[in-house]
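None of the values given here were measured: they were computed from a predicted structure. Just follow the structure's listing: the first ligand is 1, and inside any ligand the first atom is 1.
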Amino acid sequence: MSPLPTTAPDARATDFRFRCIACGDERETASQDFRCASCGDLLEITYPLWKNFSRDIAQLKSLWRERKLSQSPIDLSGVWRFRDLLPALANDDQAITLREGNTPLYELPQCARITGVPRLLAKHQGLNPTGSFKDAGMTVAATFARLAGFRWVACASTGNTSASMAAYAARGGLRSLVLVPEGKISWSKLSQALDYGAVTCQLRTDFDGCLGLLQELVRRAPVYQLNSINPFRLEGQKTLALELLEQLDWQPPDHIIVPGGNLGNSSAIGKALLEMRDLGLISRLPKLSVIQAEGANALVRTLREAKGESLVNVQAETRATAIRIGNPASWKKAVHVLEATGGACEQVTEIEIAQAKAEIGAEGIGCEPASAVTLAGLKKLVKQGFVRREENVVLVLTGSLLKDPDYTMEFHRGDLFKGSPSENASAALNDLRRPPIILDATLDAVVRTLEQAEKS
Ligand code: F0G
C-alpha cells in the first residue's frame, strides 16, 4: 500500500505549514509518520500569515466570548471556538465535535493551604466528553484525518488517547485501530474503546513498544496516526491554555503545572503560551512546569543527566498508568517550552501521588492518579523555593476519577501498596483513607457509625 498525503485537500494551503522542530524544513504536506522528510525529527504546525497578524486583539477576545452564545456545534465546542488560531476549515460542518473543552476552573482552597500558596486553581480537563484532555486534540486531528480522505485512524495508548480516538472516529464515520499494552491500562479506558467500536489490540509489550509498532504500521498501511506525534493533536490541545487565560480574564498566572507522559500536552500548552505572547493576547509568560512519576522520569533524567540534549530512556513503572511511558516522543518539544517559559521539571513518588490524589478528592474534585502528580509536584516546587509563597498556581487535571476506580478503591481499602517497597511508608496516609464499612442493616449500627465518624 502506498503512503497517502496527510494534508487535508480542503484545508487552505496558505493557512498553515508543517515545520521540522530540528532543521526548520517547512512543507505544505507531511508523510504518514509525521516525521521531517529531511532529518526525521518531529513536525509542528506554523501559520505563515501570522507574521502580519492584523486582527484586533480586543475584538478577537470578544468574538471568542460571543461564540459561547451561539447554537452552532462548532461554536459550542470549547476548541473550535478558538478556530482563528487553529488550521482553517473550508466550512464549519467539517468539524467532528462532541462539544469538547469548556472545562471548569476550580478553586482548591484546602490544597492551597496544604501547599502554602495563596490561590490554587485546577483546570479540570477530566470533564471533557470522554473524561480526559485528549478530546481537545482529537477533535482537530480526527477532523483533518477525515478531510485527508482516510478510512482508518490508529493510535498507541495508555488508555485515554484510545478512548478519545475511538469516540471521535465513531462520530466521524471512521474506523479505528487501538494498540494498548496488555494488562497495563485501566478497564474503564479499555471499555470506552470497545463501546465506541474500535478494533482493540492488547499487545504483549509496554506503551513504548505499542508506539514503535504503530510508527512502522503507518508506513505500511493507509492508516492515519492519531498519537500526539500528529501535530494537529497539539493544535487542539493548545486551546486548554487559551480557555484558561480567558477564564482568568487574560491575566496570566505565575505557574501552570502539568503531568508529563509522552509530553504532547506540555508541548501544546507551551506552544499556546508562546503564540499568545507573540500575538499580544498576554503580556507575560507563566512558567510551565512538568511533573513525572519517579518510576517514569525520562524527562527529569534527560534534563539532569543530558542537559536536555539527548533523551535518557527509562523502563517505566508506576501505578499512574496513564503516564507509564519511558521513551516520550515529544521530549524535544517539551524541553523547548520548559526553557522558553522558565519552568521546572520534577518527579514524585508513588506515595506522594496517592496522597495528592486523596487531597484533591477531599475537595470534591476527583481526578485520576496521573493528574495528581501536579499537586505532589507543586509541594516540592514550593519547598525548593521555585514557586514562591505569594504566587498564583494553576494545576492541569488531565483525567477524571472515574477513569481508574480500581486505584481509588485499593487506596481507600489500604491495598494499594501491599507487597510493594512503599508498604511501610504508606501507613502515613491512613488518615486520608475512607474505606467502605460493611454493617448489619440495623438503625443502631448506622447511628453508631455516624457517632464514631463525628468524633474522628
Ligand atoms: N494525564 C493523563 C490522564 C494521560 O492520559 C496522559 C497521557 C498524561 C497525563 C500525559 O500527557 O502524554 O501528553 O505528556 N496519556 C496518553 C494516552 C499517553 O495514551 O492516553 P502527555
Side-chain angles (χ1 to χ4, degrees), residues 42 103 123-128 130-138 141 154-167 178-181 184-186 188-190 192-193 198 200 203 206-211 214 225-231 233-234 236-238 240 257-271 288-293 296-300 316 318-331 333-335 337-338 345 348 353 357 360 366-375 377 395-404 407:
L42 293 188
T103 57
K123 176 77 175 148
H124 204 336
Q125 293 297 96
L127 291 158
N128 268 294
T130 75
S132 85
F133 71 99
K134 306 287 181 179
D135 296 343
M138 208 53 79
C155 73
S157 182
T158 56
N160 281 327
T161 300
S162 49
S164 180
M165 178 188 76
V178 162
L179 306 180
V180 290
K184 288 160 197 148
I185 76 166
S186 91
S188 305
K189 300 174 187 178
L190 195 63
Q192 288 181 287
T200 303
L203 304 185
D206 55 13
F207 169 82
D208 302 295
C210 292
L211 188 56
L214 178 74
Q225 86 151 296
L226 283 180
N227 276 96
S228 54
I229 289 173
N230 179 324
R233 282 267 317 274
L234 301 201
Q237 285 172 214
K238 282 189 329 192
L240 180 166
I257 302 185
V258 283
N262 212 21
L263 301 174
N265 204 31
S266 35
S267 304
I269 296 170
K271 185 173 191 279
L288 178 67
S289 294
V290 177
I291 312 296
Q292 297 195 297
N297 60 352
L299 183 65
V300 175
T318 169
R319 286 298 305 265
T321 52
I323 49 173
R324 194 175 182 276
I325 294 170
N327 187 7
S330 293
W331 69 272
K333 291 185 180 181
V335 168
V337 298
L338 281 178
C345 182
V348 291
I353 297 171
K357 184 172 131 47
I360 296 168
C367 68
E368 68 171 286
S371 308
V373 302
T374 54
L375 177 63
L395 307 180
V396 177
L397 302 182
T398 44
S400 152
L401 171 115
L402 300 175
K403 286 285 196 172
D404 196 351
Y407 182 102

At their closest point, which heavy atom of [X] faces which heavy atom of [Y], and how far apart are they?
X: T161; Y: L226; answer: CG2-O, 4.0 Å
X: S330; Y: S228; answer: OG-O, 4.3 Å
X: A316; Y: G326; answer: CB-N, 3.7 Å

To the nearest 0.5 Å, tell me how far L214 CG sits from F207 CZ. 9.0 Å
If I take atom OG from residue S157 and atom CG from residue L179, how far apart are they, to the nearest 0.5 angstrom? 9.5 Å
Step-by-step side chain to side chain donor-acceptor pair (under 3.5 Å) determination, T158 to K184: CA-CA 8 Å; T158 56; K184 288 160 197 148; over 6 Å; no
Heavy atom of the protein closest to [atom] (residue, atom name, distance):
atom: atom 6 (C) of ligand 1; answer: F133 CE2, 3.7 Å
atom: atom 12 (O) of ligand 1; answer: N262 N, 2.7 Å
atom: atom 2 (C) of ligand 1; answer: T398 OG1, 3.4 Å
atom: atom 20 (O) of ligand 1; answer: T161 N, 2.8 Å
atom: atom 16 (C) of ligand 1; answer: K134 NZ, 2.8 Å
atom: atom 13 (O) of ligand 1; answer: N265 N, 2.8 Å

Please identify which atoms of ligand 1 are closer than 4.0 Å to at least one heavy atom of [X].
X: A370; answer: 1 (N)
X: G264; answer: 13 (O), 14 (O), 21 (P)
X: G260; answer: 14 (O)

Ligand 1 versus E368: contacting region, heavy-atom distance under 4.0 Å: side chain
With a heavy-atom distance limit of 4.0 Å, tell me whether S157 approaches ligand 1 through its side chain, its backbone, both, or neither. both
Ligand 1 contacted by S266 (non-hydrogen, < 4.0 Å): no
May I ask whether I325 has any heavy atom positioned less than 4.0 angstrom from an atom of ligand 1? yes
M138 vs T130 side-chain heavy atoms within contact, under 4.5 Å: no
Heteroatom distance test (S162, ligand 1): nitrogen or oxygen, under 3.5 angstrom: no
For ligand 1, find out whether one of its N or O atoms is nearer than 3.5 Å to an N or O atom of F207. no
Output, in order, the C-alpha distance, side-chain angles, deciding distance and verdict of side-chain contact (heavy atoms from CB on, under 4.5 Å) for T200 and V178. CA-CA 5 Å; T200 303; V178 162; 4.0 Å; yes
For atom 8 (C) of ligand 1, the option (of L234, I323, L397, V396) bearing the nearest heavy atom: I323
Closest heavy-atom approach to atom 5 (O) of ligand 1 among N160, V180, V178 is made by N160
side-chain contact (heavy atoms from CB on, under 4.5 Å) between I269 and F133, intermediate numbers included: CA-CA 12 Å; I269 296 170; F133 71 99; over 6 Å; no
Going by atom types only, do E368 and N160 share a side-chain donor-acceptor pair under 3.5 Å? yes
Yes or no on side chain to side chain donor-acceptor pair (under 3.5 Å) for Q237 and K271, after CA distance, side-chain angles and deciding distance? CA-CA 10 Å; Q237 285 172 214; K271 185 173 191 279; over 6 Å; no
